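Only a predicted model underlies this, so the values are computations on that prediction, with no experimental measurement involved.
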Amino acid sequence: MNVGLGQAASGMAVSDECKLKFLELKAKRNHRYIIFKIEIQQVVVEKVGTKEETYDDFAASLPADECRYAVFDFDFTTVENCQKSKIFFIAWSPDTSKVRMKMVYASSKDRFKRELDGTQVELQATDPSEISLDIIKSRAL
């Protein structure tokens, strides 16, 4: 039994680091975001954002012409003035990315998302306007 890699759709593996970093974000809240990429039939961590980084830092880290998966820990205040947090799963698939890349990311998304138990809101985006801070805020409430 291979404990090092979980299998995603179409033979796609998920590195242990993906799950470990996500657990750190979820349980310890010590990361603001994590960006994942598919590399040689495996989902790997590309970048981890520190707790001090902002949503703008996260959005600027997404490539303009390549697909990615990401999780973002969004802190907000409700209308009742309560501090809350929601973990977003974002499937980033820009219109300018290659068709083959879009297909690979789309076919592996659901299985990879299941590996990250605890995401609360899912967004799919093809351009930056679809993941603007206003959209994030409206989906969090």
If I take atom [atom1] from residue [X] and atom [atom2] from residue [Y], how far apart are they, to the nearest 0.5 angstrom?
X    : Y    : atom1 : atom2 : value
I135 : E130 : CD1   : CD    : 7.0 Å
L133 : D56  : CG    : CG    : 7.0 Å
I40  : I38  : CD1   : CD1   : 12.0 Å
F89  : Q124 : CZ    : CD    : 8.5 Å

Would you check if [X] and [Y] make a side-chain contact, meaning some heavy-atom pair closer than 4.5 Å?
X   : Y    : value
K19 : V14  : yes
T77 : N81  : yes
I34 : F58  : no
V44 : E17  : no
T54 : Y33  : no
C18 : E115 : no

With a 3.5 Å distance limit and no angle check, can you tell me whether [X] reaches the backbone of [Y] through a side-chain donor-acceptor pair?
X   : Y    : value
W92 : I35  : no
K37 : E46  : no
Y69 : F112 : no

From CA spacing to verdict: side-chain contact (heavy atoms from CB on, under 4.5 Å), S108, V43:
CA-CA 9 Å; S108 303; V43 182; 5.6 Å; no
Residues S129 and D127: side-chain donor-acceptor under 3.5 angstrom:
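Side chains of S129 and D127: pair found under 3.5 Å.
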Is it the case that K84 and T78 place a side-chain donor and acceptor less than 3.5 Å from each other?
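There is no such pair between these side chains.
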How about CG on D65, more than 12 heavy atoms from neighbouring residues, nucleotides or ligands closer than 6.0 Å, or not?
yes
Would K137 and L141 satisfy side-chain contact (heavy atoms from CB on, under 4.5 Å), going step by step from the backbone distance to the final call?
CA-CA 7 Å; K137 285 178 184 172; L141 298 173; 5.6 Å; no
Ion pair [X]/[Y], N-O distance below 4.0 Å:
X    : Y    : answer
R139 : E122 : no
D75  : R32  : yes
K26  : E24  : no

Given L25, which of V48, L20, V71 fulfils the side-chain contact (heavy atoms from CB on, under 4.5 Å) condition?
V71
Return the minimal non-hydrogen interatomic distance between [X] and [Y], and the atom names on each side.
X    : Y   : value
A140 : K86 : O-NZ, 2.9 Å
Q120 : I87 : OE1-N, 2.6 Å
E53  : K47 : OE1-NZ, 4.1 Å

Using the rule given for side-chain contact (heavy atoms from CB on, under 4.5 Å), can you reason through I136 versus L123, listing the C-alpha separation, both sets of side-chain angles and the distance that settles it, and then say yes or no?
CA-CA 9 Å; I136 297 290; L123 286 178; 3.3 Å; yes
Indicate every side-chain donor-acceptor pair of residues 93-104 with a distance under 3.5 Å to a residue at least two apart or in another chain.
| residue | atom | partner | partner atom | Å |
| --- | --- | --- | --- | --- |
| T96 | OG1 | A64 | O | 2.8 |
| S97 | OG | P94 | O | 2.7 |
| K102 | NZ | D95 | O | 3.1 |

Taking the six-membered ring for Trp, are F88 and F72 closer than 6.0 Å centroid to centroid?
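No, too far apart.
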Would F36 and L116 count as a side-chain contact (heavy atoms from CB on, under 4.5 Å) if you check the C-alpha gap in whole Å, the side-chain angles of each, and the deciding distance to 0.1 Å?
CA-CA 12 Å; F36 306 95; L116 308 180; 4.1 Å; yes
Parallel, tilted or perpendicular: which one describes the rings of F74 and F76, with boundaries at 30° and 60°?
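F74 vs F76 ring planes: parallel.
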Please evaluate residues R68 and E66 with respect to the criterion salt bridge (Lys or Arg N to Asp or Glu O under 4.0 Å), reporting the C-alpha separation (whole Å), side-chain torsions for both, the decisive distance (0.1 Å), and the verdict.
CA-CA 7 Å; R68 293 292 186 269; E66 289 184 14; 2.9 Å; yes
